[in-house]
Protein chains: 2
Amino acid sequence: MAVPRWREIAEDLRGRIKDGEFAKADPDQQRAANQLPTESKLQENYGAVSRNTVRQAIDHLVSQRIVYKQAGRGTFVVEALQPFVTNLTVGVKTETVGYREGAEREGRTATTSEPRVEIQAADAWQAATLGINPGESVVVRHQRRFIDGQPFSLQTSFYPMAFVQSGATELLQVNDIPMGAMAYLHEKLGVEEAGTVDRISARSPNSGEAEFFRLPDSGAVAMLVHRRTTYDRDGNPIRVTVTTYPADRNEFEYLTGKVSSRPS
Amino acid sequence: MAVPRWREIAEDLRGRIKDGEFAKADPDQQRAANQLPTESKLQENYGAVSRNTVRQAIDHLVSQRIVYKQAGRGTFVVEALQPFVTNLTVGVKTETVGYREGAEREGRTATTSEPRVEIQAADAWQAATLGINPGESVVVRHQRRFIDGQPFSLQTSFYPMAFVQSGATELLQVNDIPMGAMAYLHEKLGVEEAGTVDRISARSPNSGEAEFFRLPDSGAVAMLVHRRTTYDRDGNPIRVTVTTYPADRNEFEYLTGKVSSRPS
DNA sequence: AACGATTTGTTCGTATGTATC
DNA sequence: TGATACATACGAACAAATCGT
């Protein structure tokens with residue numbers, strides 16, 4: 001038993017899926033378009049194997065986002081989603097405005113929840129990235145973003161509390177800052193954005209993300225994580241923004257030089 | 001049975017792991033550092049539940065990269081890897097040189113395999129991104145990259161065959177182009193890089209990637225995918241490069257303005 | 001090098017619950 | 001409401017990997 005039976009079955013099914021065997025409906029077999037045979041049919045199909053073994057094979061394909069299952073309905077091939085491309089190039093527009101315009105350019109409607117504003121004691125990571133001491137106060141602004149009513153991304157921004165104490169009290173307002181937070185800080189305090197550092201990573205969704213984005217809890221869909229730290233002319237951090245996107249329907253884009261965005 | 005037993009067990013274990021219960025060795029229980037109790041111990045622990053139920057709970061944690069299992073040894077908590085940060089900012093250095101210097105800055109050694117060079121008929125995607133017709137020839141250069149001997153990334157570059165026909169025959173050489181391919185094309189043909197478009201996405205590893213990076217085939221580790229298209233002054237594509245990295249130990253970085261890379 | 005103990009992996013069978021149509 | 005299909009759960013046996021003796 002060098003290679004387990006469930007793996008043989010999984011590989012065979014993967015091949016049959018790739019060959020498009022389940023792409024179209026099959027009225028003879030009472031199979032809807034895109035649907036795999038039922039577990040009991042597969043049991044016969046693969047020589048009176050146990051149902052548990054078939055299920056293990058299918059679960060393997062589920063974990064790789066090749067198929068998904070729905071209790072009472074059946075097992076279906078995952079259809080690739082048209083990715084929404086977020087342009088992260090630092091440029092004329094603030095990132096929030098850019099996100100809205102990017103959506104509208106494709107004829108979609110972007111909305112955001114009212115921000116949830118909190119004051120937190122900085123943990124080690126917040127302190128290190130904001131250049132303050134752990135335990136100092138941090139303004140946390142959290143927003144949920146939607147496109148065409150569908151959950152799109154979760155964004156959390158961190159500002160040192162010192163800005164509020166210096167008079168930038170709008171940071172605590174529980175609604176959008178229309179001109180953008182950076183423009184507001186510039187106007188109010190003369191704080192000027194001089195550069196940014198972006199970090200991009202991917203990880204499994206946490207439970208809050210899985211719920212908001214309605215992701216399967218199997219961990220099959222990863223989250224893309226975009227962290228942007230904005231610095232002033234003296235190299236001091238002004239803000240840290242962390243935005244998470246489900247990786248099955250999102251891509252990031254950066255432009256350099258004289259180019260325009262292209263399909264890919 | 002609103003919430004299944006295996007999920008209760010999985011959640012409980014997740015909490016115990018987070019609380020560090022298994023962080024240190026426990027000689028009384030013959031448990032190595034980082035190791036979870038054995039399946040049979042957990043069976044007793046959770047009230048004479050079936051071993052299969054315990055296994056389902058653990059498999060759930062495996063799919064979320066919280067633990068990993070090794071046959072004959074046990075189940076262990078995943079330790080976060082120190083991420084290697086790849087700076088993708090388009091700047092003075094070519095990307096290949098930047099990768100090498102980034103590694104050396106951290107006292108690590110970067111190596112690459114000899115390139116595998118192929119001529120392929122362009123598929124739909126290659127044709128679209130390179131601005132040629134499907135079926136036309138494409139030069140494909142593929143390299144495996146290592147850091148300290150560990151597999152680090154897989155890179156594949158695509159060039160229109162027209163460059164070779166115009167005299168840039170080095171593109172077909174089965175070894176590195178020391179000055180960098182872009183500099184070579186500039187010197188040989190006067191082709192000049194005027195801009196780039198980067199796309200970043202994440203997906204499950206394919207079988208080749210899983211083997212090369214020695215990833216668990218459970219799909220728990222995602223791949224970060226970086227696609228860079230380089231354009232000349234007329235907006236024509238010169239090259240498309242696709243590089244994949246395992247997401248559990250890699251991050252990307254983009255710098256803008258006057259900043260320097262910082263820990264994060 | 002061989003063996004036995006331990007631990008996870010594979011596979012079977014069976015019964016019952018829950019979701020969908 | 002019944003039929004269908006996936007989900008949960010139990011029990012059991014043997015295989016294969018690992019490790020210490």
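Sequence lines set the chain letters: A, B, ... in the order given, protein chains first and strands last, and positions in each chain run from 1. All values derive from a computational prediction rather than experimental measurement.
Look at A:T38 and you won't find any side-chain N or O under 4.0 angstrom from OP1 or OP2 of D:dT4. The side chain of A:T75 contributes an N or O atom lying less than 4.0 Å from OP1 or OP2 of D:dC6. Between A:K69 and the phosphate of D:dA7, there is a side-chain N or O to OP1/OP2 separation shorter than 4.0 Å.
Side-chain atoms of B:H60 and B:Q56 form no donor-acceptor pair, as typed in the model, at a separation below 3.5 Å.
Residue B:I58 contributes atom CD1, which lies 11 Å from atom C1' of C:dT7 at whole-angstrom precision. The distance from atom NZ of A:K41 to atom P of D:dA3 is 17 Å, rounded to the nearest whole Å. Computed from coordinates, the B:R73 CZ to C:dG9 C1' distance equals 16 Å when rounded to whole Å. Look at CD on A:Q70: it is 6 Å from P on C:dT20, rounded to the nearest Å. In this structure, the CZ atom of B:R31 is 18 Å from the P atom of C:dT6, given to the nearest Å. Regarding A:Y68, its OH atom lies at a distance of 13 Å from the P atom of C:dT20, rounded to whole Å. The distance from atom CD of A:E8 to atom P of C:dT11 is 8 Å, rounded to the nearest whole Å. Between the CD atom of A:Q56 and the C1' atom of D:dA15 there is a distance of 14 Å, given to the nearest Å.
Between A:F252 and A:Y245, the two ring planes are perpendicular [angle over 60°; tilted spans 30° to 60°].
If you check every strand for non-hydrogen atoms under 4.0 Å, A:S40 touches nothing.
Within residues 16-26 of chain B, no residue has any heavy atom closer than 4.0 Å to DNA chain C.
Among A:F213, A:F84, A:F212, A:F146, the one residue that satisfies the ring pair (Phe, Tyr, Trp, His ring centres under 6.0 Å) test with A:F152 is A:F84. Of the listed residues (B:L154, B:V117, B:V242), just one forms a side chain to side chain contact (heavy atoms under 4.5 Å, CB included) with B:H142, and that residue is B:L154.
Nearest-nucleotide positions on DNA chain C for A:A71 and B:Q35 put B:Q35 closer to the 5' end.
For A:R7 and C:dG9, a side-chain-to-base donor-acceptor distance below 3.5 Å is absent, hydrogens and geometry of angles not being considered. A donor N or O paired with an acceptor N or O is found under 3.5 Å between the base of D:dA7 and the side-chain atoms of A:R51.
A salt bridge links A:D217 with B:R7: at least one charged nitrogen is closer than 4.0 Å to a carboxylate oxygen.
Going from atom OG1 of B:T129 over to atom CZ of B:R199 covers 11.0 Å, rounded to the nearest 0.5 Å.
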Begin from the C-alpha positions of B:E251 and A:R227 and carry the test salt bridge (charged side-chain N to carboxylate O under 4.0 Å, His left out) through to its verdict. CA-CA 11 Å; B:E251 290 185 2; A:R227 302 198 301 277; 3.2 Å; yes
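Closest to the side chain of B:R5, from the set D:dA9, D:dC6, C:dG9, is D:dA9.
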